[in-house]
Amino acid sequence: MKIPHTFTIVFSIIVLCAVMTWLIPGGEFSRQTVTVDGNERNVVVADSYHQVDNQPQTWQIFTSFFKGFERTANIIVFILMIGGGFWIMNETNAINVGIFSFLNKTKKLQQNKILGKLGVNNLIIILIMLMFSLFGSVFGMSEETIAFIVIFVPLAISMGYDSITGVMMCYVAAHVGFAGAMLNPFTIGIAQGLSGLAPFSGIEYRFLCWCVFTVLAIVFTLVYASYVKKNPTKSITYKIDDYWRNKQAEETAIESRPSTISTWVIFAFITAVFTYCAIRFPRTDITIGNGTYNIVLLPIIAGAFILIGFFGARKSVHHFILSILLFTIISLIIGVLGYGWYVMEIAGLFFAMGLCSGLAYSLKFDKIIRLFLEGCKDIMVAALVVGLAGGIIIILEDGKIIDTILHGISMAMTDTGKEGAVGAMYGIQTVLNIFIPSGSAKAALTIPMMAEFSDIIGVSRQLTVLAFQFGDGITNMITPTSGVLIGVLGVARIPYAQWVKFIWPFIIFLIIVGFFLLLPPLFFTFNGF
């Protein structure tokens, strides 16, 4: 059978959800506004479910696409701006020069006896996945991974792997970290606040869970990467990856170009920007979990750019552009942790990166704008699919069946033992994540009821939060309603059906492991539980 296009799959799900609105009775919970960590959130009032008139969806199937675009507009614009920014940088061939240089260095390292036995490529995969898993665990990296796909997919293919390996290295690593989060403010912070728990308490056991999930993801990736390395044609994306291979084949003969006056002008401009920021914000409050650390950060970053950018520009314009990419990533991390950046600021950052790269390469401004539009055009399909996937949630909400589904599943938890109740809560969160991929929205919807239910059956509220965390995080990597997943697959050019075919056994395995990790706090005492 020919695998359907992602559009076909998502639209079929929308039709299925519309059919469900005819079969499932309408219902709603009453909601109230509470303040959590200084932010107001609408949460469900326990035992307030009541039936309402049905709202069967018919022609709304076609308008859900429009409403989905409205709801996911931030992610769509984010994808377009990143696509345009990187398309400009790709025109300079700096990323390809960096990849080839990196691969040449790894070949030299492979000659070392110790590193040769361990496998340099394996060490690279492990280090990259550890870094992204930590990002997902500490500050909830999710949307940001879309920007890294255009770096790690070509890198993985250059190393003899495939596009799936590149996605595993950054996206999957960040999301297993997200599932086993230690300090994620978007899931742990909100859920604990709604449960009345001390912020980020119970971190010791969650650290153990993070280690388990991360090790499993790394082992799975290494085994798969080794399988593909031995015979690349066995990859289910082998033909699809021709796009990336052809791009690299066209650019194998790239030679580094010397810097021009434009390069040095951009170096001076970025230096001035970093210097201003260092003077304006000499100290930065970095928030990690419940702790805030006041650090002299921007002056150090400004000094580092001056040194690295100067020597990079002296070597070649390509090395200077790579230094721009490096400090774009550093600025992203600082912006998220220190200044509360989200997709708008990050999109602007990568847009600025593209402009500076093009100008440093002596491209005319009109050429840069045309390249930006070409990049948006190239990534448009991914953006459109994100909007269409947003329509799934619209149909379920407008049909008034989201709360009915939640109420029906929660009633199934009654008259079960502690193990069964914990498993039921975990199952509810896992299933609901397919319909509500937003962790903060799902926390506001479910945690107030789950917390009270856990008190009744004698289960720790901390364990209820952990069940929510696992259920929210693991299925993010497979649900078609996740704008981030659809965006990542669109950028990597991996059809959704191909991805599901590859990842579903691993997801099932993680779900089972997650359940067993929920059992020890029932029988043993852990700090915070």
Side-chain angles (χ1 to χ4, degrees), residues 37-38 74 78 81-82 85-86 89 95 98 127-152 170-171 173-174 177-178 181-189 200 266-312 320-357 360 484:
D37 296 332
N74 58 340
F78 179 68
M81 292 187 70
I82 284 177
F86 270 103
M89 179 170 279
I95 293 178
L127 291 175
I128 291 173
M129 292 190 71
L130 279 174
M131 178 178 69
F132 276 93
S133 180
L134 195 61
F135 288 163
S137 175
V138 171
F139 64 87
M141 173 178 272
S142 181
E143 289 86 350
E144 297 88 343
T145 54
I146 298 173
F148 291 95
I149 292 298
V150 293
I151 299 174
F152 287 106
C170 56
Y171 171 78
F178 194 98
M182 295 177 282
L183 301 167
N184 185 350
F186 302 110
T187 54
I188 299 299
F200 306 106
I266 295 301
F267 168 73
F269 171 73
I270 297 176
T271 298
V273 171
F274 272 118
T275 302
Y276 169 79
C277 292
I279 296 172
R280 180 73 175 79
F281 306 101
R283 304 185 74 89
T284 302
D285 289 330
I286 297 294
T287 301
I288 300 177
N290 199 33
T292 301
Y293 308 91
N294 190 259
I295 306 172
V296 179
L297 194 56
L298 291 182
I300 296 174
I301 300 302
F305 174 79
I306 292 171
L307 287 174
I308 295 174
F310 176 78
F311 286 108
F320 175 69
I321 292 173
L322 288 174
S323 70
I324 293 177
L325 175 60
L326 171 64
F327 281 89
T328 297
I329 295 171
I330 292 173
S331 299
L332 182 155
I333 296 170
I334 295 173
V336 170
L337 292 179
Y339 298 95
W341 284 9
Y342 192 47
V343 289
M344 181 182 72
E345 293 84 358
I346 298 170
L349 177 68
F350 280 97
F351 180 49
M353 176 201 74
L355 289 178
C356 290
S357 299
V484 179

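All values derive from a computational prediction rather than experimental measurement.
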Set of residues satisfying ring pair (Phe, Tyr, Trp, His ring centres under 6.0 Å) with respect to [X], sequence neighbours excluded:
X: F148; answer: F132
X: F351; answer: F372
X: Y339; answer: F281
X: F311; answer: none

Identify the two heavy atoms, one from [X] and one from [Y], that lie closest to each other, and give their separation to 0.1 Å.
X: P299; Y: V296; value: CG-CG1, 3.8 Å
X: W341; Y: L349; value: CZ3-CD2, 3.9 Å
X: G338; Y: T284; value: CA-CG2, 4.1 Å
X: I301; Y: F327; value: O-CE2, 3.7 Å
X: A174; Y: M141; value: CB-O, 4.0 Å
X: F78; Y: E144; value: CZ-CA, 4.3 Å

Rounded to the nearest 0.5 Å, what separation is found between the CZ atom of F350 and the CZ atom of F86?
->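 Separation between the atoms: 5.0 Å.
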
CG of L332 to CD of E345: how many Å apart, nearest 0.5 Å?
->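 Between L332 CG and E345 CD, I get 10.5 Å after rounding to 0.5 Å.
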
Sub-4.5 Å side-chain heavy-atom contact between [X] and [Y]:
X: I270; Y: C356; value: yes
X: Y171; Y: I146; value: no
X: L298; Y: P282; value: no
X: F320; Y: I266; value: yes

Can you pull the side chain to side chain donor-acceptor pair (under 3.5 Å) pairs that have at least one residue in residues 322-335, sequence neighbours excluded?
->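 Those involving residues 322-335 do not exist here.
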
Residue pairs, two or more places apart or on separate chains, that pass side chain to side chain donor-acceptor pair (under 3.5 Å) and touch residues 130-139 |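 Pairs touching residues 130-139 that pass the test: S133-W210, S133-T214.
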
Restricting to side chain to side chain contact (heavy atoms under 4.5 Å, CB included), what partner residues turn up for [X], sequence neighbours left out?
X: I295; result: I286, Y293, L297
X: I333; result: F135, I329, L337
X: T275; result: T271, I279

Please walk me through it: do I346 and M81 pass side chain to side chain contact (heavy atoms under 4.5 Å, CB included)?
-> CA-CA 10 Å; I346 298 170; M81 292 187 70; over 6 Å; no

Partner residues of T145 under the side-chain hydrogen bond (donor to acceptor under 3.5 Å, both in side chains) criterion, sequence neighbours left out =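 Counting only residues at least two positions away or on another chain, T145 forms no side-chain hydrogen bond (donor to acceptor under 3.5 Å, both in side chains).
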
With sequence neighbours excluded, what pairs up with N74 under the side-chain hydrogen bond (donor to acceptor under 3.5 Å, both in side chains) test?
->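 Listed in chain order: nothing, the list is empty.
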
